[in-house]
Enquirer: 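Handing you a structure now.
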Amino acid sequence: MLTCTCPCWQALALRAYDDAVVVYDEGPGDLHALEPLAAQALMLCLDGQPRTEAEIGAALFGETLDDECAQLLREWLRTFERLGWLVCSE
């Protein structure tokens with residue numbers, strides 16, 4: 001199970017639109033479009049406090065997280081980690 005934190009939360013700016021959320025990363029000056037549910041997963045980590053996969057999954061999908069949703073969540077978290085937005089550990 002992953003535990004993730006967002007050490008660079010101050011460098012990220014999010015803006016919601018009807019069907020997407022745009023993330024501006026001040027570090028490299030990049031823009032990224034996220035689907036709203038993926039953006040919610042990121043926003044749950046933006047207070048700098050560690051969050052587990054289970055906590056994020058429960059907030060997004062409810063207490064019963066099926067395999068498909070769990071896989072999708074892990075892909076989002078790993079993508080955010082590759083972008084430098086999150087630090088995740090097993």
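Fair warning: this is a prediction, and the values are worked out from it, not measured in the lab.
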Enquirer: Please check if Leu46 and Val22 belong to a single hydrophobic cluster, counting links between Ile, Leu, Val, Met, Phe, Trp and Tyr side chain heavy atoms closer than 4.5 Å.
Expert: no
Enquirer: Considering all heavy atoms of both residues, which atom of Ala39 and which atom of Leu34 are nearest to each other, and what is their separation?
Expert: CA-CD1, 3.9 Å
Enquirer: Is there a side-chain contact between Met43 and Gln40 in this structure, where contact means two heavy atoms from C-beta onward sitting under 4.5 Å apart?
Expert: yes
Enquirer: Could you tell me which non-hydrogen atom of Pro50 sits nearest to which non-hydrogen atom of Thr5, and how far apart they are?
Expert: CA-CG2, 3.2 Å
Enquirer: Hey, does Leu60 have a side-chain heavy atom less than 4.5 Å from the side chain of Trp76?
Expert: yes
Enquirer: Between atom CD of Gln71 and atom CG of Asp66, what is the distance when rounded to the nearest 0.5 Å?
Expert: 10.5 Å
Enquirer: Taking all non-hydrogen atoms of both residues into account, name the closest pair between Ala41 and Leu73 and its distance.
Expert: CB-CD1, 4.1 Å
Enquirer: Would you give the length of the straight line joining atom CG of Leu37 to atom CG of Leu42, rounded to the nearest 0.5 angstrom?
Expert: 12.0 Å
Enquirer: Might you point out which heavy atoms bring Gly84 and Cys8 nearest each other, and give the distance in Å?
Expert: O-SG, 3.4 Å
Enquirer: Are Val87 and Leu2 connected, step by step, through hydrophobic side chains (Ile, Leu, Val, Met, Phe, Trp, Tyr) whose heavy atoms are closer than 4.5 Å?
Expert: no
Enquirer: Determine the interplanar angle of the His32 and Trp85 rings, folded into 0 to 90°, and report it as parallel if under 30°, tilted if 30 to 60°, perpendicular if over 60°.
Expert: perpendicular
Enquirer: Counting only heavy atoms from other residues, nucleotides and ligands, does the tally under 6.0 Å from CG of Asp47 exceed 12?
Expert: yes
Enquirer: Rounded to the nearest 0.5 Å, what's the gap from CG on Leu86 to SG on Cys4? Could you check?
Expert: 5.5 Å
Enquirer: So, does Glu53 use its side chain to make a donor-acceptor pair with the main chain of Met1 at under 3.5 Å?
Expert: no
Enquirer: Looking at Arg78, I want to see if its CZ is surrounded by more than 12 non-hydrogen atoms of other residues, nucleotides or ligands under 6.0 Å.
Expert: yes
Enquirer: What pair of heavy atoms forms the shortest contact from Val21 to Pro36, and how long is it?
Expert: CG2-CA, 4.3 Å
Enquirer: Same cluster or not: are Tyr17 and Leu31 linked, directly or through other Ile, Leu, Val, Met, Phe, Trp or Tyr residues, by side-chain heavy atoms under 4.5 angstrom apart?
Expert: yes
Enquirer: Show, in sequence, the C-alpha distance, side-chain angles and deciding distance for Asp25 and Leu83, and conclude whether the side chain to side chain contact (heavy atoms under 4.5 Å, CB included) test is met.
Expert: CA-CA 9 Å; Asp25 184 347; Leu83 289 167; 5.7 Å; no
Enquirer: So do Arg82 and Thr79 actually touch side chain to side chain, heavy atoms under 4.5 Å?
Expert: yes
